[in-house]
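Worksheet: one structure, shown below.
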Amino acid sequence: MRYDLVIFDNDGVLVDSEPISNRLLAGYLTELGHPTSYEDSLRDYMGAAMHRVHDLVLERTGRKLPEDFDDVFHRRVFAAFAEDLEAVPGVVGLLEKLAVDEVPYCVASSGSHERIRVGHRKTGLDRWFEDERIFSSEDVGRGKPAPDLFLYAAERMGVGPERCVVVEDSPLGVQAAVAAGMDVYGFTAMTPAGKLAGATRLFRDMGELAGLLTT
């Protein structure tokens with residue numbers, strides 16, 4: 001293994017949640033008078049913490065989102081997760097391989113701790129991620145594209161940034177990993193490769209990743 005720690009993004013990398021959450025986010029913003037398409041949501045918010053939604057809406061319109069925006073949005077997302085959420089194909093095999101090879105790994109997500117755990121319980125990934133392997137933007141002052149979350153995860157896991165690799169599927173996440181001084185492998189199953197141009201390597205099938213990490 002080329003690295004001492006594999007840091008996974010969560011949404012779109014471990015759980016196939018981006019289509020669900022961005023469809024709901026676009027719909028809710030539009031409902032509140034901020035017309036947003038699914039494509040707009042992917043472009044502006046994929047991989048971001050919730051504060052980015054508030055910041056961009058305020059910047060663009062001069063209007064604040066309702067105080068209960070996050071709570072209402074997450075209720076809708078969690079209800080949809082209960083019906084439709086699945087693990088990303090190939091992830092379980094990859095985690096099994098990392099466990100057998102005793103390669104340390106963790107998740108560092110822009111999502112809340114609750115969102116991470118709800119998704120993992122629904123998909124069965126909770127067996128692979130104990131509390132000490134889970135890090136959220138809630139743990140740091142700034143979410144992606146700032147490097148804070150990845151640096152915090154590496155520190156807590158006891159590994160230097162130069163020995164870490166991040167697995168990401170969003171431009172904001174790639175920017176954060178690069179800013180943290182870490183290699184980053186861009187997952188292009190949903191995101192066009194050109195939007196992850198800053199990544200160390202690109203791959204499209206999660207089943208490829210174990211081999212890529214050793215070569």
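Positions are given from 1, in the same order as the sequence printed here.
The backbone N or O of Thr36 lies less than 3.5 Å from a partner atom in the side chain of Thr30, making a donor-acceptor pair. A donor-acceptor pair under 3.5 Å is formed between the side chain of Asp205 and the backbone N or O of Gly207. Within the 3.5 Å criterion, the main-chain N or O of Ser137 finds no donor-acceptor partner in the side chain of Ser110. Looking only at distances, a side-chain donor or acceptor of Thr200 sits under 3.5 Å from a matching main-chain atom of Val184.
In the displayed structure, Glu67 atom CD is contacted under 6.0 Å by at most 12 heavy atoms of other residues, nucleotides or ligands. Counting heavy-atom neighbours within 6.0 Å of Glu102 CD, excluding the residue itself, gives a total of 12 or less. Within 6.0 Å of atom CD in Glu86, 12 or fewer heavy atoms from other residues, nucleotides or ligands are found, so the atom counts as exposed in its surroundings.
The distance from the CG atom of Asp16 to the CG atom of Leu14 is 11.0 Å, given to the nearest 0.5 Å. Taking CG of Leu213 as the start and CG of Leu98 as the end, the distance is 7.0 Å to the nearest 0.5 Å. Separating the CD1 atom in Ile116 from the CG atom in Asp126 is a distance of 13.0 Å, to the nearest 0.5 Å.
Here the side chains of Val118 and His74 are not in contact, with every heavy-atom distance at 4.5 Å or above. Side-chain contact check for Thr188 versus Lys195: every heavy-atom pair is 4.5 Å or farther apart. You'll find the side chain of Val13 stays beyond 4.5 Å of the side chain of Tyr185, heavy atoms only. Considering only heavy atoms from C-beta on, Leu209 stays 4.5 Å or farther from Phe187 through its side chain. You'll find the side chain of Trp128 stays beyond 4.5 Å of the side chain of Arg133, heavy atoms only. Looking at Leu125 and Phe8, their side chains never come closer than 4.5 Å, going by heavy atoms from C-beta outward. Within the 4.5 Å cutoff, the side chain of Leu94 has no heavy atoms near those of the Val6 side chain. Put simply, the side chain of Met182 does not reach to within 4.5 Å of the side chain of Tyr3, judged on heavy atoms.
Between Arg117 and Asp131 a salt bridge is recorded (basic side-chain N to carboxylate O distance below 4.0 Å).
Nearest heavy atom pair, residue Arg2 against residue Arg163, reads O-NH2, 2.9 Å. Here the closest non-hydrogen pair linking Ala199 and Gly186 is CB-N, 3.8 Å. Closest approach of Pro145 and Gln175 over heavy atoms only: CB-OE1, 3.6 Å. Minimum heavy-atom separation, Gly33 to Pro35: O-CD, 3.4 Å. In this structure, Ser136 and Gly111 approach most closely via the heavy-atom pair OG-O, 2.7 Å. Scanning all heavy atoms of the two residues, the minimum distance from Leu196 to Pro171 falls at CD2-N, 3.6 Å.
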Derivation and outcome, side-chain contact (heavy atoms from CB on, under 4.5 Å), residues Val53 and His34: CA-CA 11 Å; Val53 183; His34 305 288; over 6 Å; no
Verdict with reasoning, Val103 to Lys97, per side-chain contact (heavy atoms from CB on, under 4.5 Å): CA-CA 9 Å; Val103 177; Lys97 172 68 173 170; over 6 Å; no
Arg43/Asp40 under salt bridge (charged side-chain N to carboxylate O under 4.0 Å, His left out): CA gap, chis, key distance, verdict: CA-CA 5 Å; Arg43 181 193 66 223; Asp40 292 337; 3.3 Å; yes
Worked check of salt bridge (charged side-chain N to carboxylate O under 4.0 Å, His left out) between Arg201 and Asp183: CA-CA 8 Å; Arg201 301 180 78 163; Asp183 281 359; over 6 Å; no
CA sep, side-chain torsions, deciding dist, call: Glu31, Arg76, salt bridge (charged side-chain N to carboxylate O under 4.0 Å, His left out): CA-CA 13 Å; Glu31 179 184 318; Arg76 296 181 182 187; 3.2 Å; yes
Verdict with reasoning, Lys144 to Asp9, per side-chain contact (heavy atoms from CB on, under 4.5 Å): CA-CA 11 Å; Lys144 306 169 190 179; Asp9 176 41; 3.0 Å; yes
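If you run side chain to side chain contact (heavy atoms under 4.5 Å, CB included) between Leu65 and each of Asp70, Leu58, Leu32, only Leu32 comes through. Just one residue in the list Asp11, Thr123, Asn10 forms a side chain to side chain donor-acceptor pair (under 3.5 Å) with Ser17, and that residue is Asp11.
Two different hydrophobic clusters hold Val91 and Val166 under the rule that ILVMFWY side chains link at heavy-atom gaps under 4.5 Å. One hydrophobic cluster, built from ILVMFWY side chains closer than 4.5 Å, cannot hold both Met46 and Leu25; they sit in different ones. Under a hydrophobic-cluster definition in which Ile, Leu, Val, Met, Phe, Trp and Tyr are linked whenever side-chain heavy atoms come within less than 4.5 Å, directly or via other members, Val165 and Val178 are assigned to different clusters. In the hydrophobic clustering of ILVMFWY residues, with side-chain heavy atoms under 4.5 Å counting as a link, Met190 and Val77 come out apart.
Within the structure, ring-ring contact (aromatic ring centres under 6.0 Å, His included) contacts touching residues 96-127 (residues at least two apart or in different chains) are Tyr105-Phe129, His120-Phe129.
For the residue pair Ser109 / Arg115, no side-chain donor-acceptor distance below 3.5 Å is found, with atom types taken as modelled. For the residue pair Thr191/Asp169, the side-chain donor-acceptor check at 3.5 Å is not satisfied.
Relative ring orientation between Phe69 and Phe73 is described as parallel, the plane-to-plane angle staying below 30° on a 0-90° scale split at 30° and 60°.
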Pairs of donor and acceptor atoms involving the side chains of residues 147-155, under 3.5 Å and at least two apart or interchain, shall be tabulated with distances.
{"unit_1": "Asp148", "atom_1": "OD1", "unit_2": "Arg142", "atom_2": "NH2", "d": "3.0"}
{"unit_1": "Asp148", "atom_1": "OD2", "unit_2": "Arg142", "atom_2": "NE", "d": "3.4"}
{"unit_1": "Tyr152", "atom_1": "OH", "unit_2": "Arg156", "atom_2": "NH1", "d": "2.6"}

